[in-house]
Amino acid sequence: MSQNILILGGLGFIGRNLVEAFAASGKCAKIRVADKVMPALAGLSAAQKALFESDMVDYKQANLANQGSIEKVFAKDFGEWDCVINCAAETKYSQAEQVYKENVVDLAARCAAEAAKVGAKRWIELSTGQVYDSGSKASDEESKIKPWTKLAEAKLAAEGEVQKALADKVVVLRLAVVYGPADTTGVMPRLVCGATYTTSGEKMTFLWGKDLKLHTVHVADVAAACIHASAADGGVKAGVYNLVDSNDTDQGSINELISQLFGIETDFLGGMKSKVATAVAMKTVADTANEKHLGPWSALCKEKGITNTPLTPYLDEELLYKNAMALDAAKFAATDFSLKHPKMTLDLLKESLQYQIDNNAFPAGVLK
């Protein structure tokens, strides 16, 4: 069965990978992409640029905070919408409450209302595992809800809004830390930090310990999960599902791969020293760490002729607290879903970096 797919925020990290995956699936009649960013300015790969210029993809430049834009995006120019996937949201941390209300909660509410109006058959809401109470034990869908970032609070509210508007048509995917080609905010800031130590020769030291959970999922598996859940009459019933790989990723395993990528030494400050360091003001700790990395990163880019890059070693204060990301995805696995990339590997991280190297956004020649 050929589907008409609408991807809101389809030029972002996850969105562009969704477009590629749906196009390759052979299940789509048409893919409409709505985004305020134009494809020519989005830093797409050569293959993605070609896909966005093909007849398969219908691009609409749209500000989804505007009702007129929303109505144009949801117009049934190709027939019924079989599935709407919401990737459109503010992604930066530590923003003002009003920013999240307008660009996460209200946006989702207005778009979901329009989806209900035009009779969309399924809605997939991409949310975050940060909505659960932090702990070393993996959270399942029934675990205690206690968002530990402002963005997660907004995502949780957005879940409620779309479920209110569309009820049994909604699948919510609560994602672990997403990484892969075009990543800028998941694992990538840690990789960028690692790159800065190739020139300093110092040891890269992070807060807390190696056992702090930082569960991950590859963007190809996020896309595959969306395809798997896209049919309203398929094997995935409406509801909330966690999505995570089986790597049981923690800070230690990520640092081991960073060491191999760049040929640097890494370490951790440890629990006691981290508590002392952060007891007075986490903002000061964050500012100090970011100042240490931003200068060398800028110098490295300049040396390699990179004048414009979306990548940064900046780590937000909200992400530096001792909050574990640990998810249990048994419920979604029970829908007969299989992971393409169950483990984070050196080759997968190299692939993520190569995407940015090809876009002249990451310096070539620093990888071992």
Side-chain angles (χ1 to χ4, degrees), residues 13 43 45-46 91-93 177-216 218-219 247 249-270 273-274 277-278 284-317 319-320 325 341 343-368:
F13 162 41
S45 68
T91 58
K92 294 179 182 177
Y93 291 95
V177 178
V178 186
Y179 74 101
D183 172 25
T184 60
T185 61
V187 174
M188 187 57 70
R190 291 175 182 253
L191 304 187
V192 175
C193 283
T196 68
Y197 287 85
T198 60
T199 55
S200 71
E202 297 179 33
K203 183 184 291 186
M204 183 177 75
T205 304
F206 278 125
L207 287 171
W208 312 113
K210 65 183 180 64
D211 296 328
L212 183 64
K213 297 298 182 185
L214 199 68
H215 279 186
T216 51
H218 194 277
V219 69
N247 197 54
T249 311
D250 56 26
Q251 287 201 128
S253 59
I254 293 176
N255 271 22
E256 285 180 16
L257 292 172
I258 291 174
S259 294
Q260 295 174 50
L261 277 171
F262 301 113
I264 64 172
E265 290 186 77
T266 67
D267 201 357
F268 297 95
L269 200 56
K273 289 183 178 179
S274 296
T278 60
T284 301
V285 174
D287 288 346
T288 301
N290 288 322
E291 285 174 13
K292 180 178 179 63
H293 299 131
L294 287 168
W297 172 243
S298 179
L300 187 59
C301 288
K302 184 177 180 180
E303 177 190 338
K304 301 297 183 179
I306 297 171
T307 57
N308 186 30
T309 176
L311 306 183
T312 174
Y314 182 85
L315 292 168
D316 192 273
E317 175 189 347
L319 300 179
L320 295 180
M325 167 74 89
H341 301 300
K343 302 290 184 181
M344 177 186 283
T345 66
L346 191 64
D347 285 342
L348 289 175
L349 292 185
K350 285 182 177 179
E351 180 188 39
S352 298
L353 290 171
Q354 191 60 50
Y355 181 99
Q356 304 294 353
I357 291 170
D358 291 344
N359 279 345
N360 197 34
F362 188 91
V366 300
L367 299 179
K368 288 297 179 182

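Annotation for Gly194 and Ile258: closest pair CA-CG2, 4.0 Å, computed over non-hydrogen atoms. Closest heavy-atom contact between Asn255 and Phe268: ND2-CZ, 3.2 Å. For the residue pair Pro181 and Ser352, the shortest heavy atom distance occurs at N-OG, 3.8 Å. Scanning both residues, Ser274 and Gly270, for their nearest heavy atoms gives OG-O, 2.6 Å. Taking both residues in full, the closest heavy atoms of Lys350 and Lys368 are given as NZ-O, 4.1 Å, listed atom of the first, atom of the second, then distance. When all heavy atoms of Asp183 and Met188 are compared, the closest pair comes out as OD2-N, 3.0 Å.
Atoms CG and CZ, on Leu257 and Phe262 in that order, are 11.0 Å from each other to the nearest 0.5 Å. Leu319 contributes atom CG, which lies 9.0 Å from atom OG1 of Thr185 (distance to the nearest 0.5 angstrom). Of the inter-residue distances, the one linking Leu212 atom CG with Lys210 atom NZ reads 11.5 Å to the nearest 0.5 angstrom. Between Lys343 atom NZ and Thr249 atom OG1 the span is 8.5 Å, to the nearest 0.5 Å. Atom-to-atom distance recorded for Leu349:CG and Met344:CE is 5.5 Å, nearest 0.5 angstrom. Rounded to the nearest 0.5 Å, atoms OG1 (Thr196) and CG (Leu191) are 11.5 Å apart.
Of the possible polar contacts, none joining the Ser298 side chain to the Gly295 backbone as a donor-acceptor pair under 3.5 Å is found. A donor-acceptor pair under 3.5 Å is formed between the side chain of Ser259 and the backbone N or O of Ile264. Distance alone, capped at 3.5 Å, is enough to place a donor-acceptor pair between the Gln251 side chain and the Gly209 backbone.
Sorted by first and then second residue, the ring-ring contact (aromatic ring centres under 6.0 Å, His included) pairs involving residues 344-364 (not counting sequence neighbours) are Trp297-Phe362. Among residues at least two apart or in separate chains, ring-ring contact (aromatic ring centres under 6.0 Å, His included) pairs with a member in residues 178-213 are Tyr179-His218, Tyr197-His293.
Side-chain N/O atoms of Thr345 and Asp347 include no donor and acceptor closer than 3.5 Å. In the model, Asp358 has a side-chain atom that pairs as donor or acceptor with a side-chain atom of Gln354 under 3.5 Å. Side chain to side chain, Asp250 and Ser253 meet the donor-acceptor criterion of an N or O pair below 3.5 Å.
Around the NZ atom of Lys92, the shell of radius 6.0 Å holds no more than 12 heavy atoms that belong to other residues, nucleotides or ligands.
Lys213 places none of its side-chain heavy atoms less than 4.5 Å from the side chain of Met325. Contact of the Val177 side chain with the His215 side chain is not registered, since no non-hydrogen atoms from C-beta on lie closer than 4.5 Å. In this structure, the side chains of Val187 and Thr216 come closer than 4.5 Å at one or more pairs of heavy atoms.
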Requested in this report: Go through Leu261 and Leu346 one step at a time and tell me if the side-chain contact (heavy atoms from CB on, under 4.5 Å) criterion holds.
Outcome: CA-CA 7 Å; Leu261 277 171; Leu346 191 64; 3.7 Å; yes
Report task. Run the numbers on Lys292 and Glu202 for side-chain contact (heavy atoms from CB on, under 4.5 Å), then give the verdict. Result -> CA-CA 11 Å; Lys292 180 178 179 63; Glu202 297 179 33; 2.8 Å; yes
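Remark: Thr198 pairs with no residue by the side-chain hydrogen bond (donor to acceptor under 3.5 Å, both in side chains) rule, at least two apart or across chains. Glu265 pairs by the side-chain hydrogen bond (donor to acceptor under 3.5 Å, both in side chains) definition with nothing, not counting sequence neighbours. Evaluation of the salt bridge (charged side-chain N to carboxylate O under 4.0 Å, His left out) rule for Lys302 yields no partner, not counting sequence neighbours.
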Under 3.5 Å, which donor-acceptor pairs link side chains of residues 308-315 to any protein atom two or more places apart or in another chain?
residue : atom : partner : partner atom : Å
Thr309  : OG1  : Leu311  : N            : 3.1
Thr309  : OG1  : Ala361  : O            : 2.7
Thr312  : OG1  : Tyr314  : N            : 3.0

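When the options Asn359, Ile357, Leu300, Asn360 are evaluated for a side chain to side chain contact (heavy atoms under 4.5 Å, CB included) with Ile306, the one that passes is Asn360.
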